[in-house]
A.B. asks: 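Have a look at this one.
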Amino acid sequence: MGRATNLRDLVGKLKDKASQSKAALLSNPKALSLHLALLRATTHDPSAPPNQRHLATLLSLGNGSRATAGSAVDVLMDRLQTTHDAAVALKCLITIHHVIKHGSFILQDQLSVYPFTGGRNYLNLSNFRDNSNVLGWELSSWVRWYALYLEQLLATSRILGFFLCSSSAAKDEVEENVSTLLDSDLVKDIDSLANLLYEMSKRPDSLNEQGKRLVDKVMELVGEDSLSAINEIWIRVNELKERLSCLSFADSVELACALRMLEGCKERLAAILTQGKTVSTETFWGLIGEVKDMIADNKVYTGEGRLLSMGSRNKGSESARFDDRALRRNDSVRFSSGRLLAFTDLVFQS
């Protein structure tokens, strides 16, 4: 096993040297530093994460023109899409995560619009497999999960209007104006953030020691995201808590579904959510449970101003009293997130 590992490491180093030599010979002199920095940040070595110096070089390209930033994103994505090595793919994804967290506005903007056709699964790694060895096979599950997570992170950032975890002025401006947002916008934000934490909770199990440092770096970045996510949810749930009495029926149900999703992945999130300069996890889960129970206990108004019970299943529905403008048991409601829910599905459990 040790001999096989040493041989694999040697082959990986030879591939890295060959790639760097090829880049030096074939790359445009102006793009040479970009190609070399990327190759050095995304080596085949599974035992170490990308070097911070090489990541800083890549991020510095965002301080130039939009064309330079666009070229950096194109080269990074090409490296990600063409590799069959799990360690290289993970390092490319870590680099993308660094762009989201620390990149300049221009670099982040180029990443957010890549590819120009858009798409939910635009990293396209759901079928990634590295069959070269056992470690590659184990790391492949991390590649697939991490790619899906980053796709959700980008989707959530688009909905929020800023890159989650970044220190952008746009983020501060949105947070200051949460109280001015529409109920439906706040619910949509919470639903997207809940989906992010749900995706986070689906991380694979740990793997053997050789790839541990690489996976630990991934979880360090994701753990930092968790602090930002729960803080953003906390701000919005607190705001909606004050508005529950006037929240629409559809928004109330949508909010309750998002909170139930959060509670459903609470156990698996426990190992990821870390304490930091934000609300404590105990206080966070207490608020989630409190607001969910308030929605279940309260009556809310339909769009026509008629009262509609949202109690438990054994209390029965009061909608039969209302005319055709009110929802009936066989009716469905379409929400802003695209979810289609029948009235008979509206059961809230404490």
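Start at 1 with the first residue, then count along the sequence. Values reported hereafter were calculated over all heavy atoms of this structure, with side chains retained and with hydrogens, waters and symmetry mates removed. What you see is a predicted model, and the numbers here were worked out from it, not measured in a lab.
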A.B. asks: Can you see whether Asp130 engages Ser132 through a side-chain donor-acceptor pair at a distance of less than 3.5 angstrom?
C.D. replies: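 Present: a donor and an acceptor within the cut-off.
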
A.B. asks: Could you go through Glu220 and Lys217, starting from their C-alpha distance and side-chain angles, then the distance that decides it, and tell me whether this counts as salt bridge (charged side-chain N to carboxylate O under 4.0 Å, His left out)?
C.D. replies: CA-CA 5 Å; Glu220 176 189 328; Lys217 182 60 180 179; 3.5 Å; yes

A.B. asks: In terms of hydrophobic clusters joined by side-chain contacts under 4.5 Å, are Trp137 and Val215 together?
C.D. replies: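 Different clusters: Trp137 never reaches Val215 through Ile, Leu, Val, Met, Phe, Trp or Tyr contacts under 4.5 Å.
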
A.B. asks: Drop me the distance from Thr82's OG1 to Arg79's CZ, to the nearest 0.5 angstrom.
C.D. replies: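 One finds 7.0 Å between OG1 of Thr82 and CZ of Arg79.
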
A.B. asks: Does any part of the side chain of Leu287, heavy atoms only, come nearer than 4.5 Å to the side chain of Ile233, both counted from C-beta?
C.D. replies: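 Answer no - side chains too far apart.
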
A.B. asks: Linking I/L/V/M/F/W/Y whenever their side-chain heavy atoms sit closer than 4.5 Å, directly or via other members, would Leu262 and Ile159 fall into one cluster?
C.D. replies: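 No; tracing contacts between hydrophobic side chains, which count when under 4.5 Å, never links both residues.
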
A.B. asks: I need the minimum non-hydrogen distance between Gly136 and Ala86, along with the two atoms involved.
C.D. replies: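 Of all heavy-atom pairs spanning Gly136 and Ala86, the closest is O-CB, 3.6 Å.
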
A.B. asks: Does the side chain of Leu93 reach to within under 4.5 Å of the side chain of Leu123, using non-hydrogen atoms?
C.D. replies: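 A side-chain contact under 4.5 Å exists here.
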
A.B. asks: Pair Leu193, Leu160 - check side-chain contact (heavy atoms from CB on, under 4.5 Å), show working.
C.D. replies: CA-CA 9 Å; Leu193 287 161; Leu160 294 177; 4.0 Å; yes

A.B. asks: Tell me, do Trp234 and Thr283 make a side-chain contact under 4.5 Å, heavy atoms counted?
C.D. replies: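 They are in contact (side-chain heavy atoms under 4.5 Å apart), so the answer is yes.
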
A.B. asks: Can you name the one residue among Val291, Val187, Leu181 that meets side-chain contact (heavy atoms from CB on, under 4.5 Å) with Leu240?
C.D. replies: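 It is Val187; the other options fail the test.
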
A.B. asks: Decide yes or no for Thr42 and Thr83: does some side-chain heavy atom of the first lie under 4.5 Å from some side-chain heavy atom of the second?
C.D. replies: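 SC-SC contact between Thr42 and Thr83 ruled out.
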
A.B. asks: Give a yes or no on whether the backbone of Asp191 and the side-chain of Asn195 come within a donor-acceptor separation of less than 3.5 Å.
C.D. replies: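 Present.
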
A.B. asks: In terms of hydrophobic clustering (I, L, V, M, F, W, Y; side-chain heavy atoms under 4.5 Å; direct or indirect links), are Leu55 and Met219 co-clustered?
C.D. replies: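 Looking at the clustering, Met219 is in a separate group from Leu55.
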
A.B. asks: Is the ring pair Tyr149/Tyr146 parallel, tilted or perpendicular, if the boundaries are 30 and 60 degrees?
C.D. replies: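 Rings of Tyr149 and Tyr146: parallel, under 30°.
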
A.B. asks: Can you tell me how far apart CD1 (Ile288) and CD1 (Ile190) are? Round to the nearest 0.5 Å.
C.D. replies: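 Nearest 0.5 Å value for the CD1-CD1 distance: 7.5 Å.
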
A.B. asks: Please step through side-chain contact (heavy atoms from CB on, under 4.5 Å) for the pair Cys257 and Val253, ending with a clear verdict.
C.D. replies: CA-CA 6 Å; Cys257 288; Val253 176; 4.2 Å; yes

A.B. asks: Could you tell me whether a side-chain N or O of Trp145 sits under 3.5 Å from a main-chain N or O of Glu199, the two making a donor and an acceptor?
C.D. replies: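 Confirmed, Trp145 side chain pairs with Glu199 backbone.
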
A.B. asks: I'd like to know if Glu239 and Arg236 make a salt bridge, using a cut-off of under 4.0 Å between side-chain N and carboxylate O.
C.D. replies: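 No salt bridge links Glu239 with Arg236.
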
A.B. asks: How far does CD of Glu151 sit from OG of Ser126, to the nearest 0.5 angstrom?
C.D. replies: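 Here the rounded value is 8.0 Å.
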
A.B. asks: Is there a side-chain contact between His97 and Leu153, using heavy atoms and a 4.5 Å cut-off?
C.D. replies: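 Yes, close enough: below the 4.5 Å cut-off.
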
A.B. asks: As an exercise, state the distance from CG of Asp225 to SG of Cys165, rounded to the nearest 0.5 Å.
C.D. replies: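 Interatomic distance, Asp225 CG to Cys165 SG, rounded to 0.5 Å: 3.5 Å.
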
A.B. asks: Roughly how far apart are Phe163 CZ and Asp109 CG, rounded to 0.5 Å?
C.D. replies: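 Atom-to-atom, Phe163:CZ and Asp109:CG are 7.5 Å apart.
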
A.B. asks: For the pair Ser192 (side chain) and Asp189 (backbone), establish whether a donor and an acceptor sit closer than 3.5 Å, ignoring hydrogens and angles.
C.D. replies: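 Not at all, since once roles are kept as given, no pair shorter than 3.5 Å links the two residues.
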
A.B. asks: Are Ile106 and Leu38 connected in a single hydrophobic cluster, I mean Ile/Leu/Val/Met/Phe/Trp/Tyr linked by side-chain heavy atoms less than 4.5 Å apart?
C.D. replies: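 In one cluster: no.
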
A.B. asks: For a 4.5 angstrom cut-off between non-hydrogen side-chain atoms, does Arg268 reach Lys202?
C.D. replies: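 Counting from C-beta outward, Arg268 and Lys202 never come under 4.5 Å.
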
A.B. asks: With side-chain contact (heavy atoms from CB on, under 4.5 Å) as the test, would you mind laying out the steps for Leu255 and Leu259 before giving the verdict?
C.D. replies: CA-CA 6 Å; Leu255 175 60; Leu259 299 182; 4.1 Å; yes

A.B. asks: Show the nearest heavy-atom pair for residues His44 and Ala87, with the distance to one decimal.
C.D. replies: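 Closest pair (atom of His44, atom of Ala87, distance): O-CB, 3.8 Å.
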
A.B. asks: Please determine whether side-chain hydrogen bond (donor to acceptor under 3.5 Å, both in side chains) holds for the pair Glu232 and Ser228, giving the CA-CA distance in whole Å, both sets of side-chain angles, and the decisive distance to 0.1 Å.
C.D. replies: CA-CA 6 Å; Glu232 298 299 333; Ser228 295; over 6 Å; no

A.B. asks: Where the side chain of Arg144 meets the backbone of Phe128, is there a donor-acceptor pair that is under 3.5 Å apart?
C.D. replies: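 Looks like yes, one N/O pair under 3.5 Å.
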
A.B. asks: Consider only side-chain N and O atoms of Asp251 and Ser248, and report whether a donor and an acceptor are under 3.5 Å apart.
C.D. replies: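 On atom types as modelled, these side chains qualify, holding a pair under 3.5 Å.
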
A.B. asks: Minimum heavy-atom separation for Ala37 to His54, with atom names?
C.D. replies: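 Minimum heavy-atom contact is O-CB, 3.9 Å.
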
A.B. asks: Which pair of heavy atoms, one from Gly70 and one from Gln110, lies closest together, and at what distance?
C.D. replies: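 Looking at all heavy atoms of both residues, the closest pair is CA-OE1, 3.5 Å.
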
A.B. asks: Charged N to carboxylate O under 4.0 angstrom, Asp45 versus Lys91?
C.D. replies: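 Looking at Asp45 and Lys91, the cut-off is not met.
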
A.B. asks: What's the shortest heavy-atom distance between Leu90 and Leu214, and which atoms?
C.D. replies: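 For Leu90 and Leu214, the tightest heavy-atom pair comes out as CD1-CD2, 3.8 Å.
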
A.B. asks: Side chains of Leu61 and Leu107, heavy atoms from C-beta outward: is any pair under 4.5 Å?
C.D. replies: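 With C-beta onward as the side chain, the pair stays apart.
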
A.B. asks: Quick check against the 3.5 Å criterion: does Arg158 have a side-chain atom that pairs as donor or acceptor with the backbone of Ser112?
C.D. replies: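 Checked: pair present.
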
A.B. asks: Indicate yes or no: at least one non-hydrogen side-chain atom of Ile272 is less than 4.5 angstrom from one of Arg203.
C.D. replies: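 Ile272 reaches Arg203 side chain to side chain.
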
A.B. asks: For the atom pair CG (Leu247) and CE (Met294), what is the distance rounded to the nearest 0.5 Å?
C.D. replies: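 The distance works out to 10.5 Å.
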
A.B. asks: Of the non-hydrogen atoms in Thr180 and Arg243, which two are nearest, and what is the gap between them?
C.D. replies: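 The answer is N-NH2, 4.4 Å.
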
A.B. asks: Using the rule given for side-chain contact (heavy atoms from CB on, under 4.5 Å), can you reason through Leu111 versus Leu76, listing the C-alpha separation, both sets of side-chain angles and the distance that settles it, and then say yes or no?
C.D. replies: CA-CA 10 Å; Leu111 178 64; Leu76 173 58; 5.7 Å; no

